[in-house]
Amino acid sequence: MMSFLLDTVITPGGEPVAEAAGTAAKSTGGLFGSWGAEHPVMLIVVYCVVLLVIMYFLSVRPTQKREKKLAELRNEINVGDSILTNSGFYGKVVDETYDTWIVEFGLNRGVRIPVRKTEVYGKAEVHMSMEAPAELEEAPKKKGLFSKKED
């Protein structure tokens with residue numbers, strides 16, 4: 001094996017000792033043993049593959065699940081259903097084409113606009129009262145990890 005400048009150790013006497021550094025590097029292999037020292041490029045490839053797998057499970061897979069769930073919600077929408085668009089508008093579907101719905105907006109139902117199916121968030125009814133919905137009021141409050149107990 002070829003001796004590099006970083007492998008040589010200079011003792012206080014001034015003479016270089018290449019053997020001591022070489023044996024110390026071989027004995028402490030690290031996580032992958034001596035394989036990592038012998039194949040540094042492959043070690044980088046292994047790290048990259050591990051990072052890609054982690055990125056897939058943390059970002060790509062949840063996004064795919066969310067998109068699949070939204071697609072199922074969009075497939076359940078029929079003519080006559082009230083919908084909520086991604087921009088926050090409520091409307092009622094009056095007609096359907098291949099990739100769009102014709103939606104009525106407004107209180108007088110005079111405004112009909114074509115909306116792409118991908119821009120619809122799902123079914124939703126307009127809540128026109130000043131009171132909070134019942135499902136929001138009944139939800140129990142979660143206690144924090146360090147919150148005090150109240151009797």
Side-chain angles (χ1 to χ4, degrees), residues 1-9 21-151:
M1 187 169 179
M2 188 175 184
S3 173
F4 290 106
L5 181 62
L6 296 176
D7 291 338
T8 47
V9 177
T23 57
K26 288 182 184 177
S27 65
T28 60
L31 181 65
F32 291 98
S34 64
W35 183 82
E38 294 174 6
H39 306 289
V41 175
M42 288 302 294
L43 189 61
I44 293 172
V45 170
V46 168
Y47 283 141
C48 289
V49 168
V50 168
L51 286 176
L52 287 175
V53 168
I54 290 171
M55 289 298 291
Y56 174 76
F57 281 106
L58 292 179
S59 65
V60 174
R61 193 166 180 227
T63 304
Q64 288 176 346
K65 283 184 176 182
R66 185 171 47 248
E67 287 297 324
K68 184 177 179 182
K69 184 179 175 184
L70 282 174
E72 290 173 2
L73 288 173
R74 289 179 187 130
N75 288 336
E76 294 175 1
I77 296 174
N78 296 321
V79 174
D81 291 338
S82 294
I83 62 166
L84 174 66
T85 63
N86 287 341
S87 57
F89 290 112
Y90 289 94
K92 186 174 183 179
V93 177
V94 293
D95 197 13
E96 182 177 0
T97 63
Y98 173 71
D99 64 343
T100 60
W101 281 303
I102 308 299
V103 181
E104 284 185 339
F105 292 103
L107 294 176
N108 60 1
R109 301 289 184 202
V111 180
R112 293 184 177 193
I113 299 175
V115 177
R116 289 188 146 264
K117 290 184 177 182
T118 57
E119 295 300 317
V120 173
Y121 186 71
K123 290 184 182 181
E125 287 289 330
V126 181
H127 186 70
M128 298 293 283
S129 70
M130 295 297 290
E131 299 172 3
E135 61 268 4
L136 292 179
E137 292 176 357
E138 295 175 5
K141 294 183 179 180
K142 294 183 180 179
K143 299 233 179 196
L145 183 62
F146 299 108
S147 63
K148 296 179 182 179
K149 288 187 177 181
E150 294 182 14
D151 293 324

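Predicted model, so just to flag it, every value in this text is computed and none were measured.
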Enquirer: Just jot down the side-chain contact (heavy atoms from CB on, under 4.5 Å) partners of Leu51, sequence neighbours excluded, or say none.
Expert: none

Enquirer: Only counting residues at least two apart or in another chain, list the ones meeting side-chain hydrogen bond (donor to acceptor under 3.5 Å, both in side chains) with Arg61.
Expert: none

Enquirer: Output all residues satisfying salt bridge (Lys or Arg N to Asp or Glu O under 4.0 Å) with Lys117, sequence neighbours left out; order by chain, then residue number.
Expert: Glu96

Enquirer: Within the side chain of Arg112, is there an N or O that forms a donor-acceptor pair under 3.5 Å with the backbone of Ile102?
Expert: no

Enquirer: Just to verify, what does Tyr98 make a side-chain contact (heavy atoms from CB on, under 4.5 Å) with, not counting sequence neighbours?
Expert: none

Enquirer: Under the side chain to side chain contact (heavy atoms under 4.5 Å, CB included) test against Cys48, which residue among Val45, Ile44, Val50 passes?
Expert: Ile44

Enquirer: Residues two or more places apart in sequence or in another chain: which of them pass salt bridge (Lys or Arg N to Asp or Glu O under 4.0 Å) with Glu119?
Expert: none

Enquirer: So, for Tyr121 and Leu70, which heavy atoms are closest and what is the spacing to 0.1 Å?
Expert: O-CD2, 3.6 Å

Enquirer: Mind checking what makes side-chain contact (heavy atoms from CB on, under 4.5 Å) contact with Leu52, not counting sequence neighbours?
Expert: none

Enquirer: Atom OG1 in Thr118, atom CG in Asn86: separation rounded to 0.5 Å?
Expert: 7.5 Å

Enquirer: Could you walk me through whether Lys68 and Gln64 pass the side-chain contact (heavy atoms from CB on, under 4.5 Å) test, one step at a time?
Expert: CA-CA 6 Å; Lys68 184 177 179 182; Gln64 288 176 346; over 6 Å; no

Enquirer: Sequence neighbours left out, what passes side-chain hydrogen bond (donor to acceptor under 3.5 Å, both in side chains) with Thr63? Give chain and number order.
Expert: none

Enquirer: Can you tell which of Val115, Ile83, Val120, Asn78 makes a side chain to side chain contact (heavy atoms under 4.5 Å, CB included) with Val93?
Expert: Ile83

Enquirer: If you look at every heavy atom in Phe105 and Tyr90, which pair is closest and at what distance?
Expert: CD2-O, 3.1 Å

Enquirer: With sequence neighbours excluded, what pairs up with Ser59 under the side-chain hydrogen bond (donor to acceptor under 3.5 Å, both in side chains) test?
Expert: none

Enquirer: Looking at residues at least two apart in the chain, or sitting in another chain, which of them share a side-chain hydrogen bond (donor to acceptor under 3.5 Å, both in side chains) with Glu67?
Expert: none

Enquirer: Taking salt bridge (Lys or Arg N to Asp or Glu O under 4.0 Å) as the definition, give me every residue that meets it alongside Asp81, ordered by chain and number, with sequence neighbours left out.
Expert: Lys123

Enquirer: Quick one: pull up CZ in Phe89 and CG in Leu84 and give me the separation to the nearest 0.5 Å.
Expert: 10.5 Å

Enquirer: According to side-chain contact (heavy atoms from CB on, under 4.5 Å), who are the partners of Thr100, at least two apart in sequence or on a separate chain?
Expert: Thr97, Arg116

